[in-house]
> 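Here it is: the structure, laid out below.
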Number of protein chains: 2
Amino acid sequence: MTPDRLDHIFSALADPTRRAILARLALGTTSVTELAEPFAMSGPAVTKHLKVLERAGLVIRGREAQWRPCSLDAAPLKEATDWLEHYRRFWEGSFDRLEEYLQDVQKNGEEDV
Amino acid sequence: MTPDRLDHIFSALADPTRRAILARLALGTTSVTELAEPFAMSGPAVTKHLKVLERAGLVIRGREAQWRPCSLDAAPLKEATDWLEHYRRFWEGSFDRLEEYLQDVQKNGEEDV
DNA sequence: TGTTTATTAAACCATAAGGTTATTTAACTA
DNA sequence: TAGTTAAATAACCTTATGGTTTAATAAACA
């Protein structure tokens, strides 16, 4: 995984509208218009959010007549989770931070910064 | 958890310099100068990154003579992970998306969008 | 007291983000 | 063919980001 993939994934998740879009897509594929409906926001604004999600690989777009159905691809969320897992021991407490970190580095290297 | 907390957490994580700073802080508390050392970047730039991390609650700063020791607080990373957990079933495959989503909403509500 | 060291603040710059409205494109429909 | 619907593009605006350099602050040190 290249670092800028994580950049794109995390920055896609940093906006509440985009997180809400993902929550809607978790229900299933839908059109841009239906995605835009709950938001006090113009269509083009939603199109832009979808482009950000697409760049992060979180949304896949199809073609069906004049609609562009959007669906969720959660694979990048797994990448984000995998990165966060490196830090789990820090919020679970009771450990020797330095020692565990060094063990981890020895095992995995630091390619996933 | 308020939505804008997630905004701050995810946008803090969206920059490779900041992720590298977190990786360094996983080794233990250190000074701003030492944090800045690996980067081809001015001191003030690093100070700004630290402010972003601080706003997200990921970095805690102390005071020791003329140094401001920085240390990691991973609690917000748990919040991010908790949010991502909602989507785990989507990357683990083999499920009825709609059904599981509705179960989840029924259990937890949607306060964590 | 004067100087060095660590860090922040201020002012500035270029580009990106998030929004708008108006226009275009593409496909269905009467 | 003309009109409607769905979505994207273009042009624009405002604010945020990520960086710079120069100056200010705060504490240690000679």
Side-chain angles (χ1 to χ4, degrees), chain A residues 3-25 28-72 76 113, chain B residues 2-25 28-72 113:
Chain A
D4 56 81
R5 268 195 61 73
L6 280 176
D7 293 4
H8 288 152
I9 295 165
F10 282 128
S11 70
L13 299 180
D15 181 277
T17 300
R18 289 194 291 266
R19 291 195 304 276
I21 287 174
L22 293 178
R24 171 61 190 80
L25 291 178
T29 298
T30 192
S31 70
V32 176
T33 304
E34 198 193 316
L35 280 175
E37 199 270 321
F39 305 109
M41 189 181 296
S42 67
V46 172
T47 294
K48 285 190 185 181
H49 282 301
L50 287 171
K51 288 209 155 193
V52 174
L53 290 166
E54 219 180 347
R55 184 184 60 172
L58 286 160
V59 159
I60 293 174
R61 333 209 41 185
R63 187 113 203 191
E64 196 178 320
Q66 67 268 53
W67 295 273
R68 311 289 161 81
C70 302
S71 42
L72 177 65
V113 174
Chain B
T2 60
D4 57 81
R5 269 196 62 74
L6 281 175
D7 293 4
H8 289 150
I9 296 166
F10 283 127
S11 70
L13 299 180
D15 182 277
T17 300
R18 289 194 291 266
R19 290 195 305 275
I21 288 175
L22 293 179
R24 171 60 190 80
L25 291 178
T29 298
T30 192
S31 70
V32 176
T33 305
E34 198 193 315
L35 280 175
E37 199 270 321
F39 305 109
M41 189 181 299
S42 67
V46 172
T47 294
K48 285 190 185 183
H49 282 300
L50 287 170
K51 288 210 154 192
V52 174
L53 290 166
E54 218 180 349
R55 183 184 61 171
L58 287 159
V59 159
I60 292 175
R61 332 208 45 186
R63 186 113 204 191
E64 196 178 321
Q66 68 268 52
W67 295 273
R68 311 288 162 83
C70 303
S71 41
L72 177 65
V113 172

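Just the heavy atoms: all of them, side chains too, but no hydrogens, waters or symmetry mates, feed the values below. All of these numbers come straight from a predicted model, not from anything done at the bench.
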> Got a sec, which residues hit side-chain hydrogen bond (donor to acceptor under 3.5 Å, both in side chains) with A:E54, two or more places apart in sequence or on another chain?
none
> In terms of the nearest nucleotide of DNA chain D, which residue is placed more toward the 5' end: B:D15 or B:E64?
B:D15
> Hey, does the side chain of A:R18 come within less than 4.0 Å of C:dG18's phosphate (OP1/OP2), counting only N and O?
yes
> CG of B:L53 versus P of C:dT8: gap in Å, rounded?
13 Å
> Return the value, rounded to whole Å, for the distance between atom NZ of A:K48 and atom P of C:dA17.
11 Å
> Can you see if the side chain of B:H49 gets near the phosphate of D:dT17 - specifically, an N or O under 4.0 Å from OP1 or OP2?
no
> Rounded to the nearest Å, what distance is computed from the CZ atom of residue A:R68 to the C1' atom of nucleotide C:dA26?
7 Å
> I want to check something: taking the side chain as every heavy atom from C-beta on, are A:L13 and A:L58 in contact at a cut-off of under 4.5 Å?
yes
> If you compare every side-chain N and O of A:K51 against the phosphate oxygens of D:dT9 (OP1, OP2), does one of them come in below 4.0 Å?
yes
> Taking atom C1' of D:dA7 as reference, at what distance in whole Å does atom CD of A:E34 sit?
15 Å
> Quick one: label B:S11 by what it contacts on the DNA or RNA (base, sugar-phosphate, nothing), any heavy atom closer than 4.0 Å.
nothing
> Considering non-hydrogen atoms only, spot the tightest contact between A:L25 and A:C70 and give its length.
CD2-O, 3.4 Å
> Starting from the 5' end of DNA chain C, give me the residue, A:R63 or A:A40, whose nearest nucleotide shows up first.
A:A40
> How is B:A45 classified with respect to the nucleic acid when contacts are heavy atoms under 4.0 Å: base, sugar-phosphate, or nothing?
base
> Tell me: CD of A:Q66 to P of C:dT25, nearest whole Å?
17 Å
> Does any N or O in the side chain of A:R18 come within less than 3.5 Å of the main-chain N or O of A:S11, such that one atom is a donor and the other an acceptor?
yes
> Which heavy atom of A:A14 sits nearest a heavy atom of B:F10, and at what distance?
CA-CB, 3.7 Å
> Atom CH2 of B:W67 and atom C1' of D:dA28: how far apart are they, to the nearest Å?
7 Å
> Measure from CD1 on B:I21 to C1' on C:dT7 and round the result to the nearest Å.
14 Å
> Round to the nearest Å and state the distance from A:D4 atom CG to C:dA16 atom C1'.
16 Å
> Does OP1 or OP2 of C:dT20 have a side-chain N or O of A:S42 closer than 4.0 Å?
yes
> Strictly below 4.0 Å: does B:R61 bring a side-chain N or O up to OP1 or OP2 of C:dT8?
yes
